[in-house]
There are 2 protein chains.
Amino acid sequence: MPYDPSAFPPFAVTVDLVVLTVRRHALCALAVRRGEPPFQGRWALPGGFVRADEDLAQAAARELAEETGLRAHDPAAPAQDNGAHLEQLATYGDPKRDPRMRVVSVAHLALAPDLPAPRAGGDASNARWAPVDELLQQGGYGRDGEPVAPLAFDHAQILADGVERARSKIEYSSLATAFCPTEFTVGELRRVYEAVWGVALDPRNFHRKVTGTPGFLVPTGGTTTRQGGRPAQLFRAGGATLLNPPMLRPEV
Amino acid sequence: MPYDPSAFPPFAVTVDLVVLTVRRHALCALAVRRGEPPFQGRWALPGGFVRADEDLAQAAARELAEETGLRAHDPAAPAQDNGAHLEQLATYGDPKRDPRMRVVSVAHLALAPDLPAPRAGGDASNARWAPVDELLQQGGYGRDGEPVAPLAFDHAQILADGVERARSKIEYSSLATAFCPTEFTVGELRRVYEAVWGVALDPRNFHRKVTGTPGFLVPTGGTTTRQGGRPAQLFRAGGATLLNPPMLRPEV
DNA sequence: AGTGCTTATCGTCAGGCAGACGACTATGAT
DNA sequence: ATCATAGTCGTCTGCCTGACGATAAGCACT
């Protein structure tokens, strides 16, 4: 059949971001409050339209920078540049997911170290880091006792998918270091795993495992006592991206 | 800012399919010959526009049925219904990936047992199963000595991503059974792993591993000699989807 | 200075699993 | 009958993990 521009329906394409970080021993996601209908006043994932001349990854990186100020870590870049990890997550295109029109959203997953307070267009009250447990619980009450409204659109599903991706990916990759500052201790890395998985890990076995995996951690020579207790060695992320054998998430 | 329908550029949204199967000990993908420009006469992945009222998964299932006659396996369905496995792979949206217009393609991955010859609109010469090695080699020569033109658009990248997804996913899931008929032997399943990974596996250790993993295989009671040699027990895929501990892909 | 608390780090031991590989079994082909 | 082919069961060894004891080195008290 010949090419016919009227043969396909027009879509709007957006990128939505699941930006995760670890704060106060809890896995948190960036949420923004919607200023207009639909879902006005509800919390949602940050995102926006893909521009006419933009690649999907570029659009996601632009949105990430606008919301958090983070540069995206170029996946091809070999060295640690302290940018956030950014990868495509999945695409959501239910015809009814946006009541206004047909929107296909390409969700991306970003992992970032603990950041200062977020800013969404300079208005702090419209953006916050919220524990993912709180964002995902349906019809419950938050820690402040206020009722929790579910996220706008299908963003609860997107967030759940992003969290699951992060939980599984730190098993077999060095991605957990994306939650840490440039230099970090073994204990800090362990607390990342504990927060993301929601479990307690044995400090001794964890130490043996991560220091024994070639290319995972590179000692910087320095030490720190910022966690209290005995001074701990500082490490930087090594070049390895795949962990073989993987970290094992405890059963049940 | 208020809602402005003119604030976003229109996109065309397509689904492209990476349909994999194992034929004659080789991992093969379904390719169709393009009948019109651009890339007229070149091989490409099957795919098409998403319709106005269709979900992405529905569109992918429809395209799969049109090209192969296969029903998609509902991911929520508990029992084996002999449908093909279908899952979303990734989304490709480079502004220049289609010279005609701005197209975002949501690629899907389908895994199917060995099928009779494909049919694309009834014309067999326009669709074929080709070994993925052949489709992915650049500027070489196929097994018949003819020069191999690379796949149309960015389909080589999409195919490579799909193959990599399949290779890694059969490690930690029971997905390799999707390449097998309803009833199959341990040796047939092993040949699937060998074809997808391109390695030789020890039959004895493989047998111990798959029969020892709870929920992976369910014996049907029957036996077959269709592979020659001693009769082999027939199995059906068990309910387990995640293998823990995983199958290990041999190093190097 | 000493005591106690905290975190980091090293070591030991037993159990489980994977790779290497020997041995035996049950068919069809010659 | 003999051979070739594939399937199935065992054994052994080394590695990794989970459980957990023991020691080290800071800080905050008194």
Side-chain angles (χ1 to χ4, degrees), chain A residues 24-25 170-172 180 183-195 197 199-236 240 242-252, chain B residues 24-25 170-172 180 183-195 197 199-236 240 242-252:
Chain A
R24 287 184 263 106
H25 290 213
I170 65 173
E171 282 190 79
Y172 58 90
C180 296
E183 296 197 349
F184 54 90
T185 69
V186 172
E188 287 163 353
L189 184 62
R190 176 170 47 82
R191 276 171 221 111
V192 164
Y193 275 91
E194 291 178 334
W197 284 345
V199 298
L201 299 175
D202 185 286
R204 297 155 292 188
N205 293 337
F206 183 87
H207 188 277
R208 178 183 60 189
K209 172 71 178 174
V210 296
T211 57
T213 300
F216 193 7
L217 299 182
V218 177
T220 67
T223 61
T224 183
T225 60
R226 62 186 173 218
Q227 298 290 342
R230 171 175 165 181
Q233 281 188 78
L234 283 169
F235 294 87
R236 194 174 299 136
L242 255 47
L243 306 182
N244 203 341
M247 298 287 308
L248 291 182
R249 179 162 26 167
E251 310 282 323
V252 189
Chain B
R24 286 185 263 109
H25 290 210
I170 64 173
E171 283 191 77
Y172 57 88
C180 297
E183 295 197 350
F184 54 91
T185 69
V186 172
E188 288 163 351
L189 183 62
R190 175 169 48 81
R191 276 171 222 110
V192 165
Y193 274 92
E194 291 178 333
W197 284 343
V199 298
L201 300 174
D202 185 285
R204 298 156 292 191
N205 292 337
F206 183 87
H207 188 278
R208 178 182 60 191
K209 173 68 178 175
V210 297
T211 57
T213 300
F216 193 6
L217 300 182
V218 177
T220 67
T223 62
T224 183
T225 61
R226 63 186 173 220
Q227 299 291 337
R230 169 176 166 180
Q233 279 189 78
L234 284 168
F235 294 88
R236 196 174 296 136
L242 255 46
L243 306 184
N244 202 343
M247 297 288 306
L248 291 182
R249 178 157 33 163
E251 312 279 325
V252 190

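Scope of the values below: all heavy atoms of this structure, side chains included, with no hydrogens, waters or symmetry mates. Here is how names work: the chains are called A, B, and so on, in the same order as the sequence lines, proteins then strands, and each is numbered from 1.
Protein atom CZ of B/Arg249 is 18 Å distant from nucleotide atom C1' of C/dG19, rounded to whole Å. Rounded to a whole Å, the CD atom of B/Gln227 is 7 Å from the P atom of D/dG7. Atom CZ of A/Phe206 and atom P of D/dC16 are 17 Å apart (whole Å). Rounded to whole Å, atom C1' of C/dA20 lies 15 Å from atom CG of B/Leu248. In this structure, the CG atom of A/Asn244 is 12 Å from the C1' atom of D/dC16, given to the nearest Å. The CG-C1' distance, from A/Asp202 to C/dT12, rounds to 13 Å in whole Å. One atom, CZ of A/Phe184, and another, P of C/dT7, lie 19 Å apart when rounded to the nearest Å. The distance from atom CG of B/Leu201 to atom C1' of C/dA20 is 14 Å, rounded to the nearest whole Å.
Between B/Arg249 and B/Tyr193 there is no side-chain heavy-atom pair separated by less than 4.5 Å. In this structure, the side chains of A/Ile170 and A/Val192 stay at 4.5 Å or more apart for every pair of heavy atoms. Using a 4.5 Å heavy-atom cutoff, the side chains of A/Thr223 and A/Leu234 are not in contact.
Comparing D/dA19, D/dA6, C/dC17 by their closest approach to the side chain of B/Pro245 singles out C/dC17. Of the listed nucleotides (C/dT27, C/dC13, C/dA8), C/dT27 has the atom at the smallest distance from the side chain of B/Pro231. In this structure, the nucleotide among C/dA20, D/dT8, C/dT9 sitting nearest to the side chain of A/His207 is C/dT9. Minimum atom distance to the side chain of B/Arg204 is reached by D/dT8, of the listed D/dG21, D/dA25, D/dT8.
Under 4.0 angstrom from either OP1 or OP2 of D/dT17 there lies at least one side-chain N or O belonging to A/Lys209.
Interface remark: the B/Arg190 side chain does not form any donor-acceptor pair with the D/dG7 base, using a distance-only criterion of under 3.5 Å. A/Arg230 contributes no side-chain N or O that forms a donor-acceptor pair with the base of D/dG26 under 3.5 Å.
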* Stepwise side-chain contact (heavy atoms from CB on, under 4.5 Å) check, A/Tyr172 with B/Glu171 -> CA-CA 12 Å; A/Tyr172 58 90; B/Glu171 283 191 77; over 6 Å; no

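When heavy atoms are screened at a 4.0 angstrom cut-off, B/Arg226 is found touching no nucleic acid atom at all.
Shown here for B/Ala240 and B/Phe216, the closest heavy-atom pair between the two residues is CB-N, 4.1 Å.
Where B/Asn205 and B/Thr225 each meet DNA chain C at their nearest nucleotide, the meeting point lying more 5' is that of B/Asn205. Position along DNA chain D of the nearest nucleotide to B/Gly229 versus B/Phe235 favours B/Gly229 as the more 5'-ward residue.
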